[in-house]
Participant: 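Handing you this structure, nothing more for now.
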Amino acid sequence: MSIYFDNAATTRIDSEVFDHITPYLIDNFGNPSSAHQHGRAAKQAIEQSRETIAGLTNANPSEIIFTSGGTEADNTALLSGIRLQNIKHVITTPYEHHAVLNTLKALQAAGEIELSYINIDKAGNIDHDHLEHLLQSKGRALVSVMHANNEIGNINNIELISEQCCRHNAIFHTDTVQTMGHYKHDLKKLGAHFIAASAHKFHGPKGIGFLYCRDGIGLEKLIHGGSQERRLRAGTENIPGIVGLAKALEIAYSHIDEHAAYIQSIKNTMIHKLTDLIPDVQFNGNSANADKSLYTVLSVAFPLNFANGNLIGYLDDNNISVSGGSACSAGSASHVLQAIGVDPSKQTIRFSFSKFNTVAEVEHTVSLLAALRNTQAA
Ligand code: PLP
């Protein structure tokens, strides 16, 4: 049995998405900038995809810009918000994805911005009073807070943050890479200025994502060249990726409640079985709280002596793929776990689930871990 419990790193492409993409590699391969019929067909596919995404997320098509993924969308949003709105103070959390944190740290190092971190508690909950204080402290700010954390699964109250930003005339960016396709987004209602999303987190292709930029805000170009994407993002468009992204989001939205309930039940089974069979496990952040965490992510702290401190390797040897913190930070201490002060004498495993997982896979994994614990205890 080969088990994949690393869906927060990336997901398997949906076969329906794959089938939908194939004609755009073989028959409809035109360059959308070409004036002939092949080009026009490709251009139409892009605009139809943009309309589909805008329709599903309650945005205007003009507010959706295709990017190479979440990282580029985050970078573009932050640079645009800061430079075009003349922002000098940025407020964020210590557990943002590196696509946000490292961009902000680079701008701070270059002297472009002053960076403040919102206080969080031991479970990773944001202190909204502290955010309020920061918003009042240094003039007009840009706030970047992720919707949900990719390592511990915590979901932040972005509706409340958006309201706080609105009251203080601040620019609000939120990284929705882990929630897009898993939760319904109503972008007009949310009122954020920017959001970032990535197709490979919801059974779409890799290397494609989108940036939502509220009409009237404006974008700073990261890539200079041709006039693609209304002169906002140069380079020949990734048509198979774009149509695959729209299809994956359409499929996700059409089954969203059903898949959420199914995946949550898988996660619940894992929580219950782990707690029953391995009493010394702990759950990081709000990971075990169904109301405050992603149904796709469970972050578990195991005793350090488990598998001689190399539980990921042990599971891998047994054909089970999991992550420690996140795939991107493999090999280095997780800044997210450090930010919430996770006991360094524990080893963390992130199990992350998708609609393709089964309860049988959870049972197999937990019995393997229980057997390991018994040998360690003996
Ligand atoms: N933001 C979050 C929260 C993520 O989990 C990831 C990917 O792991 C990214 C951004 C980066 O997205 P991409 O891989 O599409 O560049």
Side-chain angles (χ1 to χ4, degrees), residues 7-12 14 17 52-59 63-64 69-70 73-74 77 93 95-97 99-100 124-126 144-163 165 172-204 208-212 214 245-268 285-299 326 350-357:
N7 291 281
T10 196
T11 56
R12 191 187 108 186
D14 210 299
V17 174
T52 300
I53 294 164
L56 292 169
T57 56
N58 195 20
E63 294 173 320
I64 306 295
D74 280 329
T93 74
Y95 58 41
E96 295 299 305
H97 190 272
V100 168
N125 295 304
I126 281 179
S144 181
V145 175
M146 67 203 316
H147 188 191
N149 184 272
N150 48 304
E151 293 192 34
I152 52 177
N154 280 29
I155 297 181
N156 290 319
N157 187 344
I158 53 170
E159 293 76 18
L160 178 55
I161 296 173
S162 183
E163 268 175 48
C165 288
F172 180 38
H173 162 254
T174 179
D175 176 329
T176 61
V177 167
Q178 291 292 338
T179 56
M180 186 58 64
H182 300 284
Y183 295 80
K184 283 190 174 153
H185 287 88
D186 182 332
L187 298 178
K188 283 203 186 4
K189 196 166 155 210
L190 177 63
H193 298 88
F194 299 102
I195 70 132
S198 180
H200 72 105
K201 307 290 184 177
F202 52 91
H203 307 289
I208 186 74
F210 72 89
L211 165 65
Y212 161 88
R214 200 204 284 176
L245 160 61
K247 190 70 184 170
L249 197 60
E250 205 171 54
I251 296 171
Y253 264 72
S254 63
H255 300 284
I256 212 154
D257 296 334
E258 178 198 333
H259 288 158
Y262 175 72
I263 300 167
Q264 181 72 60
S265 75
I266 287 182
K267 175 173 164 175
N268 291 346
N286 289 327
S287 208
N289 181 332
D291 296 327
K292 289 186 166 184
S293 72
L294 292 168
Y295 54 81
T296 47
V297 170
L298 182 64
S299 175
S326 71
R350 177 187 70 180
F351 298 97
S352 51
F353 312 101
S354 83
K355 61 183 179 179
F356 295 123
N357 289 123

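This chain uses plain numbering: 1 for the first residue, then up along the sequence.
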Participant: So does Ala77 get a backbone contact from the side chain of His173, meaning a donor-acceptor N/O pair under 3.5 Å?
Facilitator: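 Not at all, since once roles are kept as given, no pair shorter than 3.5 Å links the two residues.
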Participant: Do Ile152 and Arg350 have side-chain heavy atoms sitting under 4.5 Å apart?
Facilitator: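 SC-SC contact between Ile152 and Arg350 ruled out.
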Participant: Is there a side chain to side chain contact (heavy atoms under 4.5 Å, CB included) between Ile126 and Ile161 once you walk through the steps?
Facilitator: CA-CA 10 Å; Ile126 281 179; Ile161 296 173; 4.1 Å; yes
Participant: If only side-chain N and O atoms count, and only distance matters, is there a donor-acceptor pair under 3.5 Å linking Thr93 with Glu96?
Facilitator: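 Yes, a side-chain donor-acceptor pair sits under 3.5 Å.
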Participant: Of all the heavy-atom pairs spanning Gly70 and Ala196, show the shortest one and how long it is.
Facilitator: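 Gly70 and Ala196 have their closest heavy atoms at O-CB, 4.2 Å.
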Participant: Can you list the residues that meet the salt bridge (Lys or Arg N to Asp or Glu O under 4.0 Å) rule with Lys247, with sequence neighbours excluded?
Facilitator: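 For Lys247, the residues satisfying salt bridge (Lys or Arg N to Asp or Glu O under 4.0 Å) (neighbours in sequence not counted) are Glu250.
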Participant: Are any side-chain N or O atoms of Ser162 and backbone N or O atoms of Leu190, one a donor and one an acceptor, separated by less than 3.5 Å?
Facilitator: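 Judged by distance alone, yes, a pair lies under 3.5 Å.
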Participant: Which atom pair, heavy atoms only, marks the closest approach of Phe202 to Met180?
Facilitator: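 Shortest heavy-atom separation between Phe202 and Met180 comes out as CD2-O, 3.2 Å.
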Participant: Has Asn58 got a side-chain atom pairing as donor or acceptor with Leu187's backbone, closer than 3.5 angstrom?
Facilitator: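 Between the backbone of Leu187 and the side chain of Asn58 there is no qualifying donor-acceptor contact (under 3.5 Å).
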Participant: Ignoring hydrogens, what is the shortest heavy-atom contact between Val177 and Asp175? Give both atom names and the distance.
Facilitator: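 Here Val177 and Asp175 meet closest at N-OD1, 2.9 Å.
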Participant: Counting N and O atoms only, with roles assigned by atom type, does the side chain of Thr57 sit under 3.5 Å from a partner on the main chain of Ile53, one being a donor and the other an acceptor?
Facilitator: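 Present.
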Participant: Could you tell me which residues satisfy side chain to side chain donor-acceptor pair (under 3.5 Å) with Ser287, sequence neighbours excluded, listed by chain and number?
Facilitator: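 For Ser287 there are no side chain to side chain donor-acceptor pair (under 3.5 Å) partners, ignoring immediate neighbours.
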Participant: Donor-acceptor check, side chain of Asn157 to backbone of Leu160, threshold 3.5 angstrom: yes or no?
Facilitator: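 Yes, because the side chain of Asn157 sits within donor-acceptor range (under 3.5 Å) of the backbone of Leu160.
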Participant: Have Thr179 and His147 got a donor and an acceptor in their side chains that come within less than 3.5 Å?
Facilitator: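 Short answer, yes.
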Participant: Indicate whether any N or O donor in one side chain lies under 3.5 Å from an N or O acceptor in the other, for Tyr95 and Asn156.
Facilitator: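 There is such a pair between these side chains.
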Participant: Is any side-chain heavy atom of Phe356 closer than 4.5 Å to a side-chain heavy atom of His203?
Facilitator: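 Touching, per the 4.5 Å side-chain cut-off.
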Participant: With a 4.5 Å cut-off on side-chain heavy atoms, are Ile251 and Lys355 touching?
Facilitator: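 They are in side-chain contact.
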Participant: Between the main-chain N or O of Ala290 and the side-chain N or O of Ser293, is there a donor-acceptor pair closer than 3.5 Å?
Facilitator: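 No; zero donor-acceptor contacts below 3.5 Å.
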Participant: May I ask you to decide if Thr176's main-chain N or O and Thr174's side chain share a donor-acceptor pair within less than 3.5 Å?
Facilitator: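 Absent.
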Participant: Whether the side chain of Asn154 engages the backbone of Asn286 through a donor-acceptor N/O pair (distance < 3.5 Å, no angle test) should be reported.
Facilitator: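 Such a contact is found between Asn154 side chain and Asn286 backbone.
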Participant: If you apply the rule side chain to side chain contact (heavy atoms under 4.5 Å, CB included), what do you find for Lys267 with Thr296, and how did you get there?
Facilitator: CA-CA 7 Å; Lys267 175 173 164 175; Thr296 47; over 6 Å; no
Participant: What's the separation between atom NE2 in His200 and atom CG in Asn7, rounded to the nearest 0.5 Å?
Facilitator: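 Going from the NE2 atom of His200 to the CG atom of Asn7 covers 12.0 Å.
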Participant: When rounded to the nearest 0.5 angstrom, what is the spacing between CG in Leu56 and CG in Leu249?
Facilitator: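 Output value for this atom pair is 5.0 Å.
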Participant: Kindly say whether Ala9 contributes a backbone atom to a donor-acceptor pair with the side chain of Lys201 at under 3.5 angstrom?
Facilitator: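 Yes, Lys201 side chain to Ala9 backbone: donor-acceptor pair under 3.5 Å.
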Participant: How close do Gly204 and Val17 get, heavy atom to heavy atom, and via which atoms?
Facilitator: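 Smallest interatomic distance, heavy atoms only, reads CA-CG1, 4.4 Å.
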Participant: Report yes if the distance between the aromatic ring centroids of His182 and His259 is under 6.0 Å, otherwise no.
Facilitator: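 Ring-ring flag for His182/His259: false, centres at least 6.0 Å apart.
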Participant: Is the Tyr295 ring parallel, tilted or perpendicular to the Tyr183 ring (thresholds 30°, 60°)?
Facilitator: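 Plane angle between 30° and 60°, so tilted.
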Participant: Out of curiosity, Ile64 CD1 to Thr52 OG1, how far, rounded to the nearest 0.5 Å?
Facilitator: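 Here the rounded value is 11.0 Å.
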Participant: CD1/Ile158 to SG/Cys165 distance, rounded to the nearest 0.5 angstrom?
Facilitator: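 Answer for the CD1-SG pair, Ile158 versus Cys165, is 11.0 Å.
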Participant: Return the set of residues passing side-chain contact (heavy atoms from CB on, under 4.5 Å) with Glu63 (not counting sequence neighbours), or none when no residue passes.
Facilitator: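 Result, side-chain contact (heavy atoms from CB on, under 4.5 Å) vs Glu63: Ala59, Asn60, Lys188, Tyr212, Arg214, Asp215.
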Participant: For a quick test of reading the model, state the closest non-hydrogen atom pair linking Val297 to Ser352 and the distance between them.
Facilitator: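 Nearest pair, atom of Val297 first, then Ser352: CG2-CB, 4.1 Å.
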Participant: Indicate yes or no: at least one non-hydrogen side-chain atom of His185 is less than 4.5 angstrom from one of Tyr253.
Facilitator: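 Counting from C-beta outward, His185 and Tyr253 do come under 4.5 Å.
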